[in-house]
Amino acid sequence: MRNFHVPSLGRAGVSTTLNHLKEQGLSINTHVWIYDFEEKEYRKYYSDMNIHILHFPDGKNLTRKRNMIMDFIMKSGESGMMLDDDINQFIIGKTKYSNYKVVKTMDFALVYDLLERASILCPDVVSFCTKRNFITTYEHNEKSLFTKFSVPSALVFFTGKNMISRADEKTKADDICLATECWLNKELALKINLIYAKFSFGNNAGGLQTGHTDFNESTKQRLEEERDFMIEKYDNACTYSFNTKTGYFGSNGSKVRKWLLDTGKYTTEEMKALDTKVKEYSKLVYEDEIFNDILSRVHNNKWNIIKKGEN
């Protein structure tokens, strides 16, 4: 059974993610995680979904909310996909085996099934994530279907396997913090280079915009605070940098690798073994018949939107 988990704030009735899931007949598979003061509004629009009401005496905390979702998934022992509440669509790349064109789709079930199949083929991976929406390179090959040391953004697929890593609830940088914890705990989390999640962060009401009049300025301040927190906590300033084009900060894979080696968290032999494993998993999934059969659905269902170059 598919399990979609959506933490949401201030977007009752206008959440693109929840509205797509409802339209696609996936309400019974959807868990909506909200604060108690918004219960009435969310139940009004999503009464057929599984509503989880949270009350935090010390105020709103998105990182804690996401950690609670992870705890819920781990306790159930089933896979679950955690989604931002403002996803517009997915962009699916192409492989030499499928010969598919790059397409844009809203098929949430398709994306879930792709990652679920990957989790079956990669038994020791604890989570997968997609690429961020501002990346426009869609080419990849059988050796690089997956990338390690990856920071999740709008989507994280948890395989249901027990994992000890959680994001630090003292920061809003839950995605980068979670990824760092996974590296340090040697829990294998991978990014799939075939799927891109496109979302409207910063362009619509609700979410992290709630309560701010100047969103760009508040975002800049928050990112600076988060970067300082990450550097102080993990003592690895060299791995984090601002992207002047996007305004976000993130981790550089090669610098992360060097940091993990320099600090002794990984030995050279362990790192080589990890490199080999990720390449083997990439090739295995890339060539899997069932995985490619699922991919073929993207051109044969009503949730397919548009082929690249036709808009």
Side-chain angles (χ1 to χ4, degrees), residues 62-64 66-67 70 82 118 122 124-135 137 140-141 143-159 161-193 196-197 219-282:
L62 178 59
T63 305
R64 183 184 302 177
R66 289 181 171 169
N67 280 343
M70 290 178 62
M82 182 163 61
C122 308
D124 55 349
V125 176
V126 296
S127 71
F128 296 96
C129 66
T130 68
K131 303 193 81 169
R132 292 180 184 270
N133 66 336
F134 57 76
I135 299 176
T137 53
H140 54 80
N141 58 58
K143 293 183 179 179
S144 63
L145 181 61
F146 294 123
T147 302
K148 61 184 184 301
F149 305 140
S150 303
V151 177
S153 54
L155 178 158
V156 187
F157 181 93
F158 294 102
T159 62
K161 299 176 179 66
N162 286 327
M163 54 186 291
I164 61 175
S165 300
R166 297 290 186 276
D168 192 319
E169 295 175 6
K170 294 191 292 292
T171 177
K172 295 178 182 177
D174 52 340
D175 51 359
I176 297 178
C177 185
L178 174 59
T180 304
E181 293 293 335
C182 285
W183 305 333
L184 296 177
N185 292 322
K186 298 184 178 179
E187 294 183 311
L188 189 56
L190 300 177
K191 178 182 290 179
I192 185 168
N193 297 320
Y196 302 71
T219 298
K220 180 181 178 182
Q221 179 182 351
R222 178 175 58 82
L223 291 173
E224 291 174 350
E225 292 174 354
E226 291 173 0
R227 181 175 183 271
D228 291 343
F229 177 90
M230 298 298 289
I231 291 173
E232 180 179 357
K233 176 172 182 177
Y234 297 110
D235 191 26
N236 61 341
C238 66
T239 69
Y240 294 102
S241 59
F242 278 103
N243 185 317
T244 56
K245 184 182 248 187
T246 65
Y248 297 102
F249 76 96
S251 52
N252 179 287
S254 60
K255 291 182 178 179
V256 168
R257 176 191 177 104
K258 185 177 185 303
W259 171 63
L260 292 171
L261 288 170
D262 289 346
T263 56
K265 302 298 182 182
Y266 284 77
T267 65
T268 302
E269 291 73 22
E270 286 175 327
M271 191 65 71
K272 287 181 179 179
L274 181 59
D275 290 336
T276 299
K277 176 177 286 189
V278 173
K279 289 180 181 178
E280 289 175 348
Y281 279 166
S282 289

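No experiment lies behind these values; they were computed from the predicted model shown.
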Q: Output the distance between atom OG1 (Thr180) and atom CE (Met230), rounded to the nearest 0.5 Å.
A: 4.0 Å

Q: Kindly check if the number of other-residue, nucleotide or ligand heavy atoms within 6.0 Å of NZ (Lys233) is above 12?
A: yes

Q: Whether the Asp168 and Tyr234 side chains hold a donor-acceptor pair (N or O, under 3.5 Å, no angle test) is what I'd like checked.
A: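 No, no side-chain donor-acceptor pair sits under 3.5 Å.
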
Q: Can you name the nearest heavy-atom pair linking Tyr266 to Leu274, along with the distance?
A: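 Tyr266 and Leu274 have their closest heavy atoms at CE2-CD2, 4.3 Å.
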
Q: Are the side chains of Thr147 and Leu190 in contact, using a 4.5 Å heavy-atom criterion?
A: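 Contact flag for Leu190/Thr147 side chains = no.
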
Q: Does Glu232 use its side chain to pair, donor to acceptor, with the backbone of Phe229 at less than 3.5 Å?
A: no

Q: Within the 4.5 Å heavy-atom criterion, are Leu184 and Leu260 side-chain neighbours or not?
A: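 Yes, close enough: below the 4.5 Å cut-off.
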
Q: Taking atom CG of Asn193 and atom OG of Ser144, what is their separation to the nearest 0.5 Å?
A: 6.0 Å

Q: Find the distance between CG (Leu188) and CE (Met163) and round it off to the nearest 0.5 Å.
A: 10.5 Å

Q: Is there a side-chain contact between Arg166 and Glu181 (heavy atoms, below 4.5 Å)?
A: no

Q: Could you check if a side-chain atom of Ile231 sits within less than 4.5 angstrom of a side-chain atom of Asp235, using non-hydrogen atoms only?
A: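 No, their side chains stay 4.5 Å or more apart.
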
Q: With sequence neighbours left out, write down each residue that passes side-chain contact (heavy atoms from CB on, under 4.5 Å) with Asn162, or none if nothing qualifies.
A: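 Asn162: side-chain contact (heavy atoms from CB on, under 4.5 Å) contacts with Met74.
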
Q: Is it the case that over 12 heavy atoms from other parts of the model lie below 6.0 angstrom from the CG atom of Asp124?
A: yes

Q: For the atom pair CZ (Phe157) and OG (Ser127), what is the distance rounded to the nearest 0.5 Å?
A: 10.0 Å

Q: Between the main-chain N or O of Ala167 and the side-chain N or O of Asn67, is there a donor-acceptor pair closer than 3.5 Å?
A: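 Yes.
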
Q: Count the heavy atoms of every other residue, nucleotide or ligand shown that sit under 6.0 Å from NZ of Lys279, and state whether that count exceeds 12.
A: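 Open: at most 12 neighbouring heavy atoms sit under 6.0 Å from NZ of Lys279.
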
Q: Near Lys186 NZ, under 6.0 Å, is it more than 12 heavy atoms from other residues, nucleotides or ligands?
A: yes

Q: Within a strict 4.5 Å, meaning less than it, do heavy atoms of the Leu178 and Met70 side chains meet?
A: yes

Q: Would Ser165 and Glu187 count as having a side-chain donor-acceptor pair, cut-off 3.5 Å?
A: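 Looking only at side-chain atoms, Glu187 and Ser165 do form a donor-acceptor pair, the distance falling under 3.5 Å.
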
Q: Are Val156 and Thr130 close enough, and set up right, to give a side chain to side chain contact (heavy atoms under 4.5 Å, CB included), and what steps lead you there?
A: CA-CA 7 Å; Val156 187; Thr130 68; over 6 Å; no

Q: Are Phe128 and Phe146 an aromatic pair, judged by ring center distance below 6.0 Å?
A: yes

Q: Kindly compute the distance separating NZ (Lys148) from CG (Asp275), expressed to the nearest 0.5 Å.
A: 3.5 Å

Q: Run the side chain to side chain contact (heavy atoms under 4.5 Å, CB included) check on Met82 and Phe158 step by step: do they pass?
A: CA-CA 8 Å; Met82 182 163 61; Phe158 294 102; 3.6 Å; yes

Q: First locate atom CZ of Arg66, then atom SG of Cys177, and finally report the distance between them rounded to the nearest 0.5 Å.
A: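 Here the interatomic distance stands at 12.5 Å.
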
Q: With a 4.0 Å cut-off on N to O distance, would you call Lys172 and Glu226 a salt bridge?
A: no

Q: Side chain to side chain contact (heavy atoms under 4.5 Å, CB included) for Leu261 and Arg257? Distances and angles first, verdict last.
A: CA-CA 6 Å; Leu261 288 170; Arg257 176 191 177 104; 4.3 Å; yes

